[in-house]
Amino acid sequence: MAKIYSNVSPKNNNLKPKDETISFLLNYSKALSVINYNKLKFEALLN
Amino acid sequence: MKKELVQDSQLVSNYINGNENALSILIERHKQRIYSFIYSKVYDRDVTEDIFQDTFIKVIRTLKRGKYNEEGKFLPWVMRIAHNLVIDHFRKNKRMPKFDNTGEFSIFSVLSDSSLNAEKTIIKDQVESDVRRIIEELPEDQKQVLLMRMYQDMSFKEISERTGVSINTALGRMRYALINMRKVIDQNNIILTN
């Protein structure tokens, strides 16, 4: 019997980030505000 | 499906103008490609998650600071950021190599601390004193051969010369000594392993 040694790589269909990561990013985006003052830019995280 | 009709560039400009929902659509639209891209480079879920997050933090900051210019397309730009962060990740790991114990092979299964700790020292002493007591139980001729062979490291030829018996007799006594010791160990349920 011929043996096939090459591995079939497991299909990774769920290659996507966790929901927590997404929600963290969206919250981060909402919290971050950039304040312009003359030519300076200040970042403020308002949580 | 109507969301798909809105171009990335339109969503980006909506986001810059304060529409937070546009970012959520952009992430939702591209998360799988970006995540797979990072994963294909680092092959680690946790690291991928970290780099994915850092990528979008960079995206958000750049967009909010108004430094993004719509020269290229949104997705290639994000991919480029992800790519650079992957390179940073490997650079950092090269400077600070760490043991990865998640795989099947662990370096610590090969390396071990050869010096005995307190517990093992006690066990070793116990085992050695048990063995000495069992040897004391042996008949004199067997005990003599065994002590010469194991503790004085003499050959059977030397033993036969010293005790004045043939080599075969010395071998036989050694054999019976071991058989008798095993018998005593079995009878008394003595455990002589570390």
Approximate separation, where rounding is to 0.5 Å, of B:Ser36 OG and A:Leu15 CG: 4.5 Å
Pick one of side chain, backbone, both or neither for B:Ile57, based on which atoms fall under 4.5 Å of a heavy atom in chain A. both
Count I, L, V, M, F, W, Y as connected when their side-chain heavy atoms are under 4.5 Å apart, and connections chain through other members. Are B:Ile87 and B:Met79 then in the same cluster? no
Spatial distance of atom OH (B:Tyr35) from atom NZ (A:Lys18) [nearest 0.5 Å]: 7.0 Å
Would you say that more than 12 heavy atoms from the other residues, nucleotides or ligands in this model lie under 6.0 Å from the NZ of B:Lys58, or not? no
How about CG on A:Asp19, more than 12 heavy atoms from neighbouring residues, nucleotides or ligands closer than 6.0 Å, or not? no
The interface call for B:Arg61 against chain A, heavy-atom contacts under 4.5 Å, is both
Counting only heavy atoms not in B:Arg65, do more than 12 fall under 6.0 Å of its CZ? yes
Do A:Lys16 and B:Ile34 have side chains that get closer than 4.5 Å, going by heavy atoms? no
Contact check, side chains of A:Ser29 and B:Phe56, non-hydrogen atoms, under 4.5 Å: no
Taking the side chain as every heavy atom from C-beta outward, state whether B:Lys31 and A:Ile22 have any atom pair closer than 4.5 Å. yes
To check you understand the geometry: which heavy-atom pair defines the closest contact between B:Ile27 and A:Leu25, and what is its length? CD1-CB, 4.2 Å
Does atom OH (A:Tyr37) have a neighbourhood of more than 12 heavy atoms from anything else shown, all under 6.0 Å? no
Using only heavy-atom distances, determine whether the side chains of B:Glu49 and A:Thr21 contain a donor-acceptor pair under 3.5 Å. yes
Any side-chain to backbone donor/acceptor pair from B:Lys64 onto A:Leu32? Under 3.5 Å, distance only. yes
For atom OH of A:Tyr28, decide whether the heavy atoms of other residues, nucleotides or ligands shown that lie under 6.0 angstrom number more than 12. yes
Is the count of non-hydrogen atoms from other residues, nucleotides or ligands lying under 6.0 Å from B:Tyr43 atom OH greater than 12? no
